[in-house]
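Before any comments, here is the structure.
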Amino acid sequence: MRLRNVPGAADMIAASPFSVNQPEEWKGKWRELFGNDRPVHIEIGMGKGKFLLTLAEKNPEINYIGIEKFSSVLVRAVEKTEEFEGNNLRLIRMDAENLQDVFAEGEIDRIYLNFSDPWPKERHAKRRLTSTRFYERYDHILAKDGQVIFKTDNRGLFGFSIEQTEEAGWKLLDCTFDLHHSEFAKDNVMTEYETKFSEKGKPICRFTACR
């Protein structure tokens, strides 16, 4: 899907107090940036920011970093931060392939992957954020007890992701093909896509993976 260009988006992102414009400079020092020693959770492909902003508001004891590749999308999250009063949220515009340039070994405690691009063509499988190629990156930046939590409405992508998790040598702590009718629904925080899909009656899949 072609993304619409948003005039001035890059400047708006750069000017936001929540944006980190040179993230490589903070590799290994993210807790220093936040000014505390609390856990650091990241969302890769944060979209318009509803999910991460909700978590940051509900959990001030956790530091959150949102990662989004496209300025035209990230700028919508920046707009939402205008009413956010906490200091436990930062935003980065970057490609997930560069995670190891930005985060040091074991620096991250949890990774959220929500409604990631399915890259449906088989030749693009390595670009999927749940491919073994990306698990290698997660293995580097996650703490020993770190987790990857993945949600999608795409059953094909979910099946692929389960297979890739096992192939990467990771294990599933939990797995459901219908999140909103499962024991995990109570504490679930929805994304913009999730709200849209669930209103149409489409089941949401979710798993938590660890080493």
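Inter-residue side-chain proximity for Y64 and I42 is flagged as unmet; no heavy-atom pair is nearer than 4.5 Å. Between T165 and L172 there is a side-chain heavy-atom pair separated by less than 4.5 Å. Taking 4.5 Å as the limit, some side-chain heavy atom of F160 sits within range of a side-chain heavy atom of S131. The shortest side-chain heavy-atom distance between Q147 and R211 does not fall under the 4.5 Å cut-off. Residues R31 and V40 have side chains in contact (heavy-atom distance under 4.5 Å, counting atoms from C-beta outward). Residues F34 and N87 are not in side-chain contact: their nearest non-hydrogen atoms beyond the backbone lie 4.5 Å or more apart. You'll find the side chain of I162 reaches within 4.5 Å of the side chain of F158, heavy atoms only. Between C205 and R155 there is a side-chain heavy-atom pair separated by less than 4.5 Å.
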side-chain contact (heavy atoms from CB on, under 4.5 Å) between F84 and E57, intermediate numbers included:
CA-CA 8 Å; F84 181 70; E57 289 172 347; 3.6 Å; yes
Could you walk me through whether I149 and L113 satisfy the side-chain contact (heavy atoms from CB on, under 4.5 Å) test, starting with their C-alpha distance in whole Å, then the side-chain angles of each, then the deciding distance to 0.1 Å, before giving a yes or no?
CA-CA 6 Å; I149 299 181; L113 306 173; over 6 Å; no
Go through the steps for T152 and N114 under the test side-chain contact (heavy atoms from CB on, under 4.5 Å), then give the verdict.
CA-CA 6 Å; T152 184; N114 292 315; over 6 Å; no
Could you walk me through whether L74 and I92 pass the side-chain contact (heavy atoms from CB on, under 4.5 Å) check?
CA-CA 8 Å; L74 183 57; I92 305 173; over 6 Å; no
CA sep, side-chain torsions, deciding dist, call: K50, T195, side chain to side chain donor-acceptor pair (under 3.5 Å):
CA-CA 10 Å; K50 175 185 175 182; T195 299; 3.0 Å; yes
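With hydrogens and angles ignored, the 3.5 Å screen pairs a side-chain donor or acceptor of R137 with a backbone N or O of E97. Of the possible polar contacts, none joining the W26 side chain to the V20 backbone as a donor-acceptor pair under 3.5 Å is found. Distance alone, capped at 3.5 Å, is enough to place a donor-acceptor pair between the D174 side chain and the T208 backbone. In this structure a side-chain-to-backbone donor-acceptor pair under 3.5 Å is present from E107 to G28. When atom types are taken as modelled, the side chain of N36 and the backbone of R38 share a donor-acceptor pair closer than 3.5 angstrom. Between the side chain of N21 and the backbone N or O of A14, at least one donor-acceptor pair lies under 3.5 Å. With hydrogens and angles disregarded, a donor-acceptor distance shorter than 3.5 Å links the side chain of N154 to the backbone of L157. A distance-only check finds no donor-acceptor pair linking the side chain of S19 to the backbone of A15 [under 3.5 Å]. Counting only distance, with no hydrogens or angles, the side chain of K29 and the backbone of E25 share a donor-acceptor pair below 3.5 Å.
Under the 4.5 Å side-chain heavy-atom criterion for grouping Ile, Leu, Val, Met, Phe, Trp and Tyr, Y138 is connected to I67 within one hydrophobic cluster.
Both cation-pi conditions hold for R127 and W119: the charged atom is under 6.0 angstrom from the six-membered ring centre and inside a 45 degree cone around its axis. For R93 and F70, the positive end is not near the middle of the six-membered ring at less than 6.0 Å and at most 45° from its axis.
Ionic pairing of K27 and E24 is not present here: no N-O contact between side-chain nitrogen and carboxylate oxygen is shorter than 4.0 angstrom. Between E194 and K202, no side-chain nitrogen of the basic residue sits less than 4.0 Å from a carboxylate oxygen of the acidic one, so the salt-bridge criterion is not met. In summary, R128 and D117 do not engage in a salt bridge, as defined by a charged side-chain N under 4.0 Å from a carboxylate O. We find that E192 and K80 are joined by a salt bridge, their nearest charged nitrogen and carboxylate oxygen being less than 4.0 Å apart.
Between the side chains of T132 and K126, no donor N or O sits under 3.5 Å from an acceptor N or O.
Here Y112 and F150 keep their ring centres 6.0 angstrom or further from each other.
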